[in-house]
Structures are given as structure tokens and as C-alpha cells.
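Throughout, a chain's letter reflects where its sequence line sits, starting with A, and its residues are numbered from 1.
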Amino acid sequence: MEKNINKLLESLSPNERKILPHLDEKNIGEICKKSNLDRVSVTRSLEYLKDKGVLEIMTRKLKLISIGVNGALYIKKGLPERRLLNLLNEKRILKLSEAAKQSSLSEDEFKASLGMLKKRNLIDLKNGKIIFSGNKEEISRKSPEESFIESLPTEYDSLTEEQSETLKTLERRKDIVRVSEEKIIEIKITTLGKKIIDIGKEFRGLIEQITPEILKKESSWKGKKFRRYDVTLPVPKINGGRRHFVNQAIDYARDVWSEMGFKEMTGNYIMSSFWNFDALFQPQDHPAREMHDTFFIDKKLQNLDADKKTIENVKKSHEVGVVANGSRSTGWNYSWNEEEAKRLVLRTHTTCLSAQTLSKLARTPRGTLPQKFFAIGKCLRNETLDWSHGFEFNQTEGIVVDKNANFRHLLGYLKEFFKKMGYEKLRFRPAYFPYTEPSIEIDFWHPEKKVWLELGGAGMFRPEVVIPLLGENIPVLAWGPGFDRMIMSYYQIKDLRELYKNNLTQLRKMKFWMK
Amino acid sequence: MAIVTFSKNQFEKDFGTMDSKMENKIAMFGTPLDGVDSNELRIEVNPNRSDLLSYHGFSRALKAFIGKEKGLKEYPLNKPEKNYSVTIDSSVKDVRPYTACAIVRGLKFNDERIKELIETQEKLHITLGRKRKKAAIGIYPLEKIKLPITFEAMEPDKIKFVPLESERELSGLEILQRNPTGKEYAHLLAGKAKFPVFLDAENKVLSMPPIINSQTTGKVTEETKDVFVECSGEDSEILKKCLNIIVTSLSDMGGEIYQMNLRFGAGKKEITPNLQPQKLKISIENVNKTLGLDLKEKQLKEFLERMGHNYNAKDSSVEIPAWRTDILHEVDLIEDVAIAYGYDNFVPEIPKIATVGEKDGEEIIKKKISEILSGLGIIEVSNYHLTTKKDQVEKMGLPKDSEVLEVVGSKTEYTTLRENLSHLLLKNLAENVDSEYPQQIFETGRVFSESSGSISENEMLAGSLSSGNFTRIKQIIEYLFRMLNLESKVNFKETEETPAHFIEGRTADIIFNGEKIGSAGEVHPRVLSNWKIKMPAALFEIKLEEIFKALKE
């Protein structure tokens, strides 16, 4: 008990301690005066003390009658009817107009006064004259109205029947009385409170804020107690700066790929059709090359951004195929048009970066193989914008150029990457892309929806892609799954548009990518 | 990718209940289930497998896959009978040069089968036929036409027939102008002096390919038993395959295939359809090396047969069905072997090879910049690379006729490539007026610009504060360069030509290594009012190129 009381005393704030000796005042106004604190501080401190069990606070509503502005004036000067009566007591008979003038009452006051005096049978009105008919005794007696306003303020509940009647009359007149409701706070000190007040008188020397001054002198803190805080109290929220959540996820994937021995590829968003399509063995009449699916820019390259030999190789590959592993492929069997390849597009996949990388690799010594590359980047397609579609998306691209690479390795790299992204249960199924063979589609198992959902495509580049770019048929494992679905699933976002909404309230609340 | 709809009843009669096991099985065949209801299955077919677009083609392939009817399916071909011929006039050369034709007899049609046939036809038109350009198919009731047939090109005015599902006779030109299908495919004949037609022996028009058949001679009904089938188009190889897909499907329905003589001028002749399998060598070493397996020849044979091929051990050659359009090279057969082996049976493996990973230097710097700025409590935003002209030009106070870089035919209001990040940050502030202040945001990213006909791409950094002023913006930029250890290279200069969105006298050029890399300033109330931003804002944007260079040195 003793220990608890001390603990409680240590936790009192300066304001709480200030009002502690004045709690028996029972009136907040008084406590304010005595403690020299404003009303808000006192009320708040009382609440805290209540929470600590020092006191109980009871509130009740009280209907109060107090004096109005005119009422206060009349207390000084007398009620208008009293003033008129005094005048009549002198003059006995007066013309109405004279009386109005000499009494110096306003028109309303004058009329009201006449009514009041007539009601009390103190005057008669005849031929425009007022005739006083009362006696001295009656004049000297206080009217109920006068008695009433002198008794103010008073509580409504304590009025007698007669007083209530008077109140009604007075209420009809302008601002003589005011009836208001007030919340009355009553403080009751508990047994614990009494002890606290008692001991508190001698309780001194708690350290509040630690200031540089206090720290300067050892004696000012040594052996002293520090005021206890209520550490459970809520505090205002703060916000921090941070990386956009999509970029946090991308940074992580970048770490994963580089840790797995992959080099990063970057490149332009605006690509010639050559790199975006032709180099990837997409025939020039392929539906993906229509305006309907791809953003074209109304400009063409003057000269194709590839060397002559590569262009010639790609052309042949489309027209008549390539010779690989001792057999010729058939190609697409049409006449390839270089002009079509010069058309500029916004890259529809990051696979164009892989094509460019292979082409660069053709000029490095073969001894540098195997090599592994990755890219994570925005791609654009001519799509509408709704909860599941967008014209921009992130893709994660990868290639492995390795003489000994095989299909199982492809599955191995993918499985490892997706495991690190949080996808344990994967399914690989047959798919089709013009530039890979075999091709796979990667599905992940959605445990809540209980369905397989697509993550994206992968495969081994066709010889028709590899030979024109690299000069020989070396196995190239390649993949390019979309990235946004993984981000959405991690952050539990249902609407694709929310990724790039830039709603600050959302961005401030968004949890960090914790992988 | 095409979605085909098959009768659930028929499928379950042939293969058993569509449960999760079956669902996985067809997914592992490369034709995953897209959806199912009480009567229908919706199945995805990859664009390389046009032969699976009809139910009969699909079920033929699946029967082989599950081991029910393995190997190359043989279809008996009957030699052309009398008058089973098509004369191809040289006039079609400039408009629709190729055709391949067949007759199929002894069919029994009902509503469902006619529906299936039309659907297969349409799917083939869209995919393999490239919207009827490369190939289009026509099927005609033999009882309504008189053999032999002629394929020729005629002047549009002279072509007169009642198009399918209409009542009035129209000329060739009128069909392109008035008939709905005519209008849809008019571009395929636009500008041609003559339009192609198939005519019967009595000069009745069967159709005007690739647009529409005749109502009188070109409509298959439940009474139809024998049909004339033609494919025409610009790609002779594709349309022959197309014909093979159709006639084998019709044969699976119970018909007998008859060949036809195609007569070109000058005694040139050809007989179609030709169901002779394509032959390709396969090397078991290549298969095992590509797939990382150790298959024996017996297994190879089994797997090829499960994909509907025949394997001949003597010369290790594969006979490929004449309706497959996707086998360009040995690798395509290797994929077929992989599918038959089962993608889910492969054991993933990471090879033990040593390569050194490396992140892109510029990406690392961008990440560092982001970390420095977030340390100041600034939040990174990420905006689209496409924007609107209104946001980029009008709201920024630039003249309305300012040039922008547009993309062609965007399906959304975002039609313009962004040329700066500044306007997007102001857009972000404008869209967050209900969010807590102060607001501090930044973005790094790609912008696009055009000069003298060529487009360049640049990495930019922009930041905005609201409320904020010039001093605070300058503090932030200086802090950033200090942290990047580039403080000595940067300074601020009074700007000579204030950008439209800044206040004159409160805008600075940011100079790096003596060159202007961007500007910083307080946003003009006029521009704030365009964006309906009610708090003061300050802004900066810089090009990162020189900074990348300096840091890489």
C-alpha cells in the first residue's frame, strides 16, 4: 500500500500536484484561482486524478436563474414601474404625455409600467391623465418582481409557486432575468485521495523534464526521483519518409537476382520494332505488332539500330529459318521488310533487353560463358485502365547463356527466385511464345482462392532467335514474368490502379516490404 | 490465345468427369481450363495449335496424349471423282492468289455440329488466317452447286449475288459498302480492280472470298450431306494446313474426304488436300541435352506418339500430322516430347556454375538518392510514364500549342509521353489536398524529349514540398549533394528565363560542374490555382546523367 501510494505520488504531473491541496474547494473556479491554473488544465488534471483513483467526479445539471443585462440596470435604478410610481407619488396627477417625458422611460418600459401599476390598482387612467390612487404604505412595499430580482441568482428548483408566477411575468420582459442550464461538477475525494493529499504535502523534489541545467550539476539529480509517466497513454501519430512500396519490392528482387549471380541489364523504353519484335522471331504480321496492342510512336528510325550482319541474320531467320543442330528450320516464309522493323514502339516487354544483350555478347570471347543476366523494368501496352488492366507493368526478365543449360535448369532458377519472392507452390505448364521453345507458363497456387494463378512466361530461346544474335546455337534460358501481381498479392492490393495512385495517406500507412 | 467452347457432355463422354485431376491433366497438355458451367467447357488454346480449335481436333490430340489412340492418325483420302476440279484463273493473282479445295461426303449435320463448324471456321480465320488475310475458309452444300468450280477475279460491278443471311441481291461493291461482314473486311479488297469469286459450272456465285458466301449456294443446313470446302488467301502453305484442319475435323464427324484437281493455266496441276505427313529428323542426344533427361529411344517413341506423331527408329525421323502448323524445327518436337513427358515430372535443378552478380550502377545511385531523401522524411511517389497534354502543358501554364510527344491510338486519356516529373508531382499534390500537411514527395524516373527528330530518354529526380519555400528546397538539394560527396560541384544561379510554373525572382538554375542540370523554385499561385492546390508549394527537378557520370568516376 505504502509503495503504491509512493508510486502514485511519483506519477503525478506538476499540474496534478498543484491542484492537489485545493481539492476540497469543490468548485473548479476556486481551484483555478488557488492553483493559478486555467480551467482547461484544471479540468484535465481532475480527469487524470480521477483515473488514478484520487477522487470521484460527479456531474449534475442545474437550471439557474440569474440576472439579465436590463435586470442588473434596474437593480441600480429601480424597476421602471418603481420609477414611475415615485414620480406619481410626487405629482399625483399627470398627463400621460408629461408622465412619459418626466419619467424618462422608453416607450416599451413606460407601457409596461402603466400595465403593472394598473394591475396593482395604484393608478387610474382618465381623459389622458394618470391619477394616482394608492397610499403610502402600498408605495413603500416592495413588489414581488423587485423581491425576485434581488434574490437572484437562484436555483430554479427552489422557487415557490408565487415566485414561479413572478418569473413568468419577468421572462416576458426584455432581458431582466436569464434562465440557463449549467453542468455542476462535484468533486469527492476518495480515501486514497485523502492519504495522497496528506502525504503529498511533504512530497517534494520530483524531477520533471530533464534539462541541460539539471544535467550540469550532479547534485540536482543525484538521489532524486523522476516523475513517473503513464506509458500506456496514446501519443500523436507521426509519419516517415520512405521508398515507394513498388520500388521496395523491385529493390528486393534486384538483390535476389544479383545474389544468384545475375548481372543487371537496362535500356531504353522506346525501342525499334526490330529489337522489340523482329529479333525475337515475331513475324511482322503478328497480332501483337498491331496498334491495338502496342504503343507506336509516329516516328521511324532513319537507320536501324543494329549492325548490318545482325539485321541480315534476322531477316534470313524470318524468311527461310536457320540451320541449327544439323537441321534447317522453316522460318515464317514471307518477305521481311526492314522498314517495318524501323518503326518505334514503347517496349512491350523487357525481353528486348535480352535480345540486345545476346547481340552484344556475340562480340565477346566465348570463354566468358556461362553468363547470366536479369532486368526489372516497366513495359507498356496499349490497354485500358481498370482494376485488372493497366498500360504499364513491371516485368522481371532473365537469361542464362550456358552451353550446358537445359530445361530443368530453367525450372530450377525460376523455382528458386519465386521461393525467395514467397511462392512455394508453383506449377509449370506448356505455353506458347514465338521466341521460346520449349515454353512454359508459371502458375502459383492461391491458398485462399484455391486456384492456380498465372505469374508469367518463360522458356528456352528458339534457335531462330539465338543464332542471328549470338552467331551460334547456344542454349539460352529466358523468362519474363510480370512483377505487379506479386506486389499486389504481398501488399493485399485488389486494384491494379492503386499501385500508382500516389495517395499520400495510403503511402504513409503502407507497410514495408519485409523480405 | 484463343478460348474455345466445347460441349461438357461430349467431353465427359469421351474422357470422363472434369474434376481437378482432369483439369490439371489438360493444363499439362497446354490447354488449361478457362471456365466451366453446366453445359460448356471453356478451354484456352495457344495460338500455335490451330489444330486444337475444333472439338474433333482437340479430342484427337487429347486421346493420343492420354494414351488412348497414340501415333499419327490416318485419314483415307479418295481420289478426285469426275468434275471434282477447280480451275484457277490467272486473274486472281493480284487479289487473292491461292486456294486449296476438297470435297467431304456422307456427313450428318445437326444444329450443334453446324454451330461447331462455324465456330471453328471463325477461330481459324482470326488466328491462323490473320483475320482472313492469310487464309479464309468457305464451306458449301454440294447439293446446291454444280461441279466443276472456277476461282477467278471479276469486276466488282459484275459480281451479283445474295449474301449469306440477307434477302437482296447486291453487287460486289455494294456488299463492301452495305453488308455488315462486307464492311468489316472491306479493307482486304480495298483498291483492287477485281474481286475474287468462286463460281460453279452454271456460273452461279458461291462466294466472294474472304468476305461472304452466297445465301443460295453457300449455306450448310441440316439437310446437307456433302460439302465443297475451299481455303483461299495469300499464304499457300497456311491455307493448305487450314484445309487439312477442316477436312480432318469433318472426317472425324463421319465424312469421307475426296481430293480435288486444281487446274492452273498452262497445264499446271495440283491435287488437294494433301495429308502426307511432314518428315523431320530428331536426335535423341539433342532431346536429352535440351531437356536435361536421359530418355531411351523407346521412351522417345512413346512420347512422340502421345503427341500424335509417328517415330521411325530406322532413320530417327518423325512423321508430323499434316494439320500441325507449329513444327518449324527439331526444337518444336523436343517441346512435344517434354509435354508428353509431363512438365510436372521434371525435377528442377540449379546447376553449379559460378557467375558474378552485379546490379546496374545507375540503379544503385538512384536507390541511394531515394534513401537520402527518405531520411529527410520525404515520401517517394511513382507515376505513369504516359500523361495527358492537359496536365503537362495547360495546367503548367505553358502555351496550349506546345508540342508534345504522342503515342498512336492510346485506348485511354493518357496519350502523351512525360517530358518532366514536375507536373506529375503537382498532380500528386493536387490529388492529395485532403491528406495531412506538410506533404513532401519525390520521384526518380525516365522522361522523354525530342530534339531535331530524334527522341532521347533521361533519368530525372524531382521533389516537391507543400507547404514549402525556396529555402527549404535549396536545403534539401544541398543536403543531397553533400551526402553524395558532390557538394563542391553544385551551385545555384539566378535563373534568366523563369519557367512558366515558377515565380520570377524565386527560381534558381541548379548548376553542376558548370552546366545547368535543372531548376528549383516556388510554384506560381497561377499554376497552383490551375491544379486547385490551396497550399504554397516549392519544386525542383534535375537531370541525373551528369551525377551518374561524376559518381561512376
Side-chain angles (χ1 to χ4, degrees), chain A residues 240-244 246-247 251 254 258-264 266 268-270 285 291 295-298 321 324-325 327 329-330 333 346 370-372 378 382-385 391-392 402 406-409 411-413 415-416 428-432 437-438 440 462-463 500 502-505 507, chain B residues 27-28 30 32 46-48 130 237 281 283 286 289-292 328-332 334-335 338-339 343 346-351 353 355-360 363 367 370 373-386 407-412 414 428 432 435 439 446 455 457:
Chain A
R242 80 260 301 281
R243 194 128 216 238
H244 192 272
V246 170
N247 290 339
D251 283 342
R254 205 171 255 136
S258 58
E259 279 159 18
M260 285 167 72
F262 285 76
K263 269 186 203 154
E264 186 162 9
T266 57
N268 280 350
Y269 284 34
I270 299 174
D285 71 343
M291 227 171 59
F295 285 124
F296 283 88
I297 292 166
D298 207 7
N325 296 336
S327 65
S329 85
T330 56
N333 194 19
L346 295 180
Q371 292 229 38
K372 304 190 296 205
K378 274 278 181 76
N382 196 358
E383 285 267 9
T384 51
L385 200 55
F391 51 77
E392 288 189 17
D402 175 6
N406 66 43
F407 190 62
R408 283 172 49 215
H409 299 163
L411 305 185
Y413 287 119
K415 212 175 162 204
E416 185 63 22
F428 301 114
R429 61 180 163 85
Y432 173 74
E437 195 79 16
I440 63 178
R462 299 188 63 97
Y500 306 107
N502 298 311
N503 178 312
L504 289 182
T505 310
L507 289 180
Chain B
M28 285 303 148
N46 287 325
N48 60 329
R130 292 277 197 271
E237 287 310 308
K281 294 251 185 197
S283 130
N286 287 346
K289 190 175 179 300
T290 306
L291 299 182
L328 309 182
H329 185 258
E330 186 192 43
V331 287
D332 298 292
I334 295 176
E335 183 187 64
I339 293 171
Y343 274 28
F346 282 90
V347 181
E349 179 195 41
I350 295 192
I353 54 168
T355 53
V356 179
E358 190 184 316
K359 284 186 254 185
D360 178 69
E363 292 298 330
K367 190 182 169 193
S370 300
L373 294 177
S374 0
L376 292 175
I378 313 178
I379 291 180
E380 188 183 33
V381 293
S382 183
N383 285 290
Y384 291 127
H385 291 78
L386 290 180
V407 294
V408 184
S410 171
K411 286 176 192 160
T412 66
Y414 299 84
N428 296 147
N432 279 290
S435 235
Q439 299 178 353
R446 196 77 59 100
I455 301 169
E457 301 183 21

> Can you say whether B/K289 sits under 4.5 Å from chain A via the side chain, the backbone, both, or neither, judging by heavy atoms?
Replying inline: both
> Any side-chain heavy-atom pair from A/L411 and B/Y343 closer than 4.5 angstrom?
Replying inline: no
> Is it the side chain or the backbone of B/L376 that comes within 4.5 Å of chain A heavy atoms, both, or neither?
Replying inline: neither
>> Set out, in order, the CA-CA distance, both residues' side-chain angles and the distance that settles side-chain hydrogen bond (donor to acceptor under 3.5 Å, both in side chains) for B/K281 and A/S327, then state yes or no.
In response: CA-CA 8 Å; B/K281 294 251 185 197; A/S327 65; over 6 Å; no
>> Please classify the contact between B/N432 and chain A as side chain, backbone, both or neither, with a heavy-atom cut-off of under 4.5 Å.
In response: side chain
> Can you find a side-chain donor-acceptor pair between B/E330 and B/N286 that sits under 3.5 Å?
Replying inline: yes
>> Which atoms of B/Q439 are under 4.5 Å from chain A, going by heavy atoms: the side chain, the backbone, both sets, or neither?
In response: both
> Tell me, side chain or backbone of A/F262 under 4.5 Å from chain B's heavy atoms, or both, or neither?
Replying inline: backbone
>> Please rank B/G409, B/A338, B/S435, B/P351 by heavy-atom pairs under 4.5 Å with chain A and give me the top one.
In response: B/P351
> Given that the side chain runs from C-beta out, which part of B/L328 has a heavy atom under 4.5 Å from chain A: side chain, backbone, both or neither?
Replying inline: both
> Which region of B/E457, side chain (C-beta onward) or backbone (N, CA, C, O), has a non-hydrogen atom less than 4.5 Å from a non-hydrogen atom of chain A, or is it both or neither?
Replying inline: side chain
> Highest number of heavy-atom pairs under 4.5 Å with chain A: which of B/S370, B/G292, B/S283?
Replying inline: B/G292
> Checking heavy atoms, do the side chain of A/N268, its backbone, both or neither come under 4.5 Å from chain B?
Replying inline: both
> Is it the side chain or the backbone of A/E383 that comes within 4.5 Å of chain B heavy atoms, both, or neither?
Replying inline: backbone
>> For A/T505, which atoms come within 4.5 Å of any heavy atom of chain B: side chain, backbone, both, or neither?
In response: both
>> Is B/N383 close to chain A through its backbone or its side chain, or both, or neither, when contacts mean heavy atoms under 4.5 Å?
In response: both
> Between B/D332 and A/R462, does a salt bridge (charged side-chain N to carboxylate O under 4.0 Å, His left out) hold up when you go through it step by step?
Replying inline: CA-CA 9 Å; B/D332 298 292; A/R462 299 188 63 97; 2.7 Å; yes
> For the candidates B/I334, B/N46, B/V356, which exhibits the highest count of non-hydrogen atom pairs separated by less than 4.5 Å from chain A?
Replying inline: B/N46
> At a heavy-atom separation under 4.5 Å, does B/V381 approach chain A through its side chain, its backbone, both, or neither?
Replying inline: both
> Once the angle between the rings of A/F391 and B/Y414 is folded into 0 to 90°, is it parallel (under 30°), tilted (30 to 60°) or perpendicular (over 60°)?
Replying inline: tilted
> Where on A/L346 is there a heavy atom nearer than 4.5 Å to chain B: the side chain, the backbone, both, or neither?
Replying inline: side chain
